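Here the structure is a predicted model, which means the values were calculated and not measured. In what follows, every chain begins at residue 1, and chains take the letters A, B, ... in the order their sequences are listed.
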Amino acid sequence: MSSPISTKPPSGMRDFLAPDVVRRRHVIAVVQRVYESFGFVPLETPTIENLATLLGKYGPEGDQLLYRVLHRREKLQRALAAGTATELDLADEGLRYDLTVPLARVVANHRDLPQFYKRYQIQPVWRADRPAKGRFREFWQCDVDVTGTASVVADAEVCGAVAEVLRELGFADFRILCNHRELLRALVAEAGIAPQQEALALIVLDKLDKVGADGVRTELAEKGVPAAQTDALLATLARAREPGQLDRFAVAEGALGKGARELQALFATAAAGPAGAHLTFDPSLARGLGYYTGPIFEIQVADLAGSLGGGGRYDGLIGMFGKQPIPAVGFSLGLERILLVMEERGMFPSLGIGPQVLLCRMEGVAEAAAIRTATALRAHGLRVELYPDATKLGKQLQYANTIAAPFAAILGGNEVAAGTVTLKDLAAGTQATLPPADVAARVLAAR
RNA sequence: GUGGCUGUAGCUCAGCUCGGUUAGAGCACCAGGUUGUGGUCCUGGGGGUCGCGGGUUCAAAUCCCGUCAGCCACCCCA
């Protein structure tokens, strides 16, 4: 009986049964509608990209998490025969890791796109990460991006779009944390931290909320950053959190002032849209992805350790494909994260899609007669399941309960002769024998 | 990548400490309780090489080692 083949899906990947699918579709429908209302148009790209497209865009951690697709046939045999094959020799393609890099490739490749290409994309991505709560190896992202402009309007619009999605889904308490890569780098440099330790410092700083100042001191000390520099950085960041500090940064020279002024502009502009009340300056927000250059964003809710989404400006990424540099900004919502919080908070409306009517066939009624009746009921707009066998009525009604159909329609010899069906309301226990049009009217009225 | 917890029927678990008939329960599933009426109830039934591999022993679900998988926290991210 038990099979030697595991029936579980691969680690970090899941099957979605009807109740899951219905909830996922519900969220996706809202995302799609809101994104389109902002003027974004859809894009779908292949599951698999060339490794050259993917590698070197996300930083070393990201490269490690890429699912690679093995060479086929002769190429693989040749690589293996060499005996010294490395990962790069064995694979030339990989599963997409996010939707931003494929977008960058598409924009670099299609020169006839609108100057301001506003696209949304809702597709799965894969990361060979260790699964945890709210983290999967296959998950869906809902991205909105604007390419071809460095205008703060684009930054404000992507923030507005995701904020409106969350608002329409019923979220009220989320924060969109904002920081700026250039501002952050200026603060790190100001603390005296060497440029080659900057990336390291940024990653550790991102943990400030979770591990606290002492945790950051310990971790940076282990990585060889002098304590005096760490203290200087922490002091600077603590000051940066004080109200009005962004305005003081804004009058500074160089990258510090530039970053601060760009954030000020973003806050001022986005305030006129749905994101306004949710934007929060967080000087310790760093974000791991390598390609961000300007403002960076992350959506936070109190009851989830991870984020609901993230994004930022990446003015250098499209240019990495060897064509002209094109500025871009985008935001990504994590479908599973949103679903997780909505499930935990009980935020879903009732979303039934199963059959409204189970059509029961009595013994002696021809299969064709049942098909004919089911077809008539369906033509009136009902979702109808036809019980396959003419078994005992009790068994058929029991099955109706099992699949949670609110009505049963009974087709016996009498009904066939009269051109009627007996409609039974399974919750109330009442029933009436009616022509199909009246059956449909009653079922539809019961919703 | 680090630390911890857990793997026994489709699902949730008991049994393990102190090895000993044929490994249990609830739910689910199937069949019956005669005619075209379900949810409750009663009776019966199918379904497990106790995650996998090795070791100790007369004897292992139970003890020991290894391994794989899942979950939680951290890290990172969506």
Just how far, in rounded Å, is [atom2] of [N] from [atom1] of [X]?
{"X": "A:D98", "N": "B:A78", "atom1": "CG", "atom2": "P", "answer": "8 Å"}
{"X": "A:L65", "N": "B:A78", "atom1": "CG", "atom2": "C1'", "answer": "13 Å"}
{"X": "A:R14", "N": "B:A78", "atom1": "CZ", "atom2": "C1'", "answer": "12 Å"}
{"X": "A:Y291", "N": "B:C77", "atom1": "OH", "atom2": "C1'", "answer": "11 Å"}
{"X": "A:Y97", "N": "B:C76", "atom1": "OH", "atom2": "P", "answer": "13 Å"}
{"X": "A:R137", "N": "B:C76", "atom1": "CZ", "atom2": "P", "answer": "19 Å"}
{"X": "A:D389", "N": "B:C30", "atom1": "CG", "atom2": "P", "answer": "12 Å"}
{"X": "A:L285", "N": "B:C76", "atom1": "CG", "atom2": "P", "answer": "12 Å"}

Between A:L333 and A:T402, who's closer to the 5' end of RNA chain B by nearest nucleotide? A:T402

Answer yes when [X] and [Y] have at least one side-chain N-carboxylate O distance shorter than 4.0 Å, and no when they do not.
{"X": "A:D98", "Y": "A:R96", "answer": "no"}
{"X": "A:R378", "Y": "A:E385", "answer": "no"}
{"X": "A:R14", "Y": "A:D20", "answer": "no"}
{"X": "A:R24", "Y": "A:E336", "answer": "yes"}

Does either side chain, that of A:S332 or that of A:D143, offer a donor lying less than 3.5 Å from an acceptor on the other one? yes

Interatomic distance at [atom1], [N] relative to [M], whole Å:
{"N": "B:G20", "M": "B:A60", "atom1": "P", "result": "11 Å"}
{"N": "B:G53", "M": "B:C71", "atom1": "C1'", "result": "23 Å"}
{"N": "B:C72", "M": "B:G47", "atom1": "P", "result": "34 Å"}
{"N": "B:C41", "M": "B:C52", "atom1": "C1'", "result": "43 Å"}
{"N": "B:G46", "M": "B:C30", "atom1": "C1'", "result": "7 Å"}
{"N": "B:G48", "M": "B:C5", "atom1": "C1'", "result": "24 Å"}
{"N": "B:C63", "M": "B:U21", "atom1": "P", "result": "16 Å"}
{"N": "B:C58", "M": "B:U12", "atom1": "C1'", "result": "37 Å"}

Mark yes or no: [X] above the aromatic ring of [Y], with NZ or CZ under 6.0 Å from the six-membered ring centre and no more than 45 degrees from the axis.
{"X": "A:R181", "Y": "A:Y292", "answer": "no"}
{"X": "A:K57", "Y": "A:Y291", "answer": "no"}
{"X": "A:R105", "Y": "A:F321", "answer": "no"}

Hey, what are the protein-to-nucleotides 67-73 of chain B N/O distances that come in under 3.5 Å?
unit_1	atom_1	unit_2	atom_2	d
B:G70	OP1	A:S11	OG	2.9
B:G70	OP2	A:S11	OG	3.4
B:C72	OP2	A:K133	N	3.4

Do the rings of A:F267 and A:F281 sit parallel, tilted or perpendicular, given the 30° and 60° boundaries? perpendicular

Short N/O separations, protein against nucleotides 51-53 of chain B, under 3.5 angstrom:
none

With sequence neighbours excluded, tell me which residues meet side-chain hydrogen bond (donor to acceptor under 3.5 Å, both in side chains) with A:E182. A:K258

Taking a pair to mean Watson-Crick or G-U wobble geometry with both distances below 3.5 Å, B:C29 pairs with B:G45

Nucleotide paired to B:C5 in any strand shown, Watson-Crick or G-U, under 3.5 Å: B:G70

Taking ring-ring contact (aromatic ring centres under 6.0 Å, His included) as the definition, give me every residue that meets it alongside A:Y387, ordered by chain and number, with sequence neighbours left out. A:Y399

Suppose the criterion is ring-ring contact (aromatic ring centres under 6.0 Å, His included): which pairs have a residue in residues 145-188 of chain A, not counting sequence neighbours? A:F174-A:H278

Exceeds 12 heavy-atom contacts within 6.0 angstrom, atom CD of A:E343: yes

Footprint string (nucleotides 32-38 of chain B, 5' to 3'): B base within contact, S backbone only, - free, heavy atoms under 4.0 Å: -S--BBB

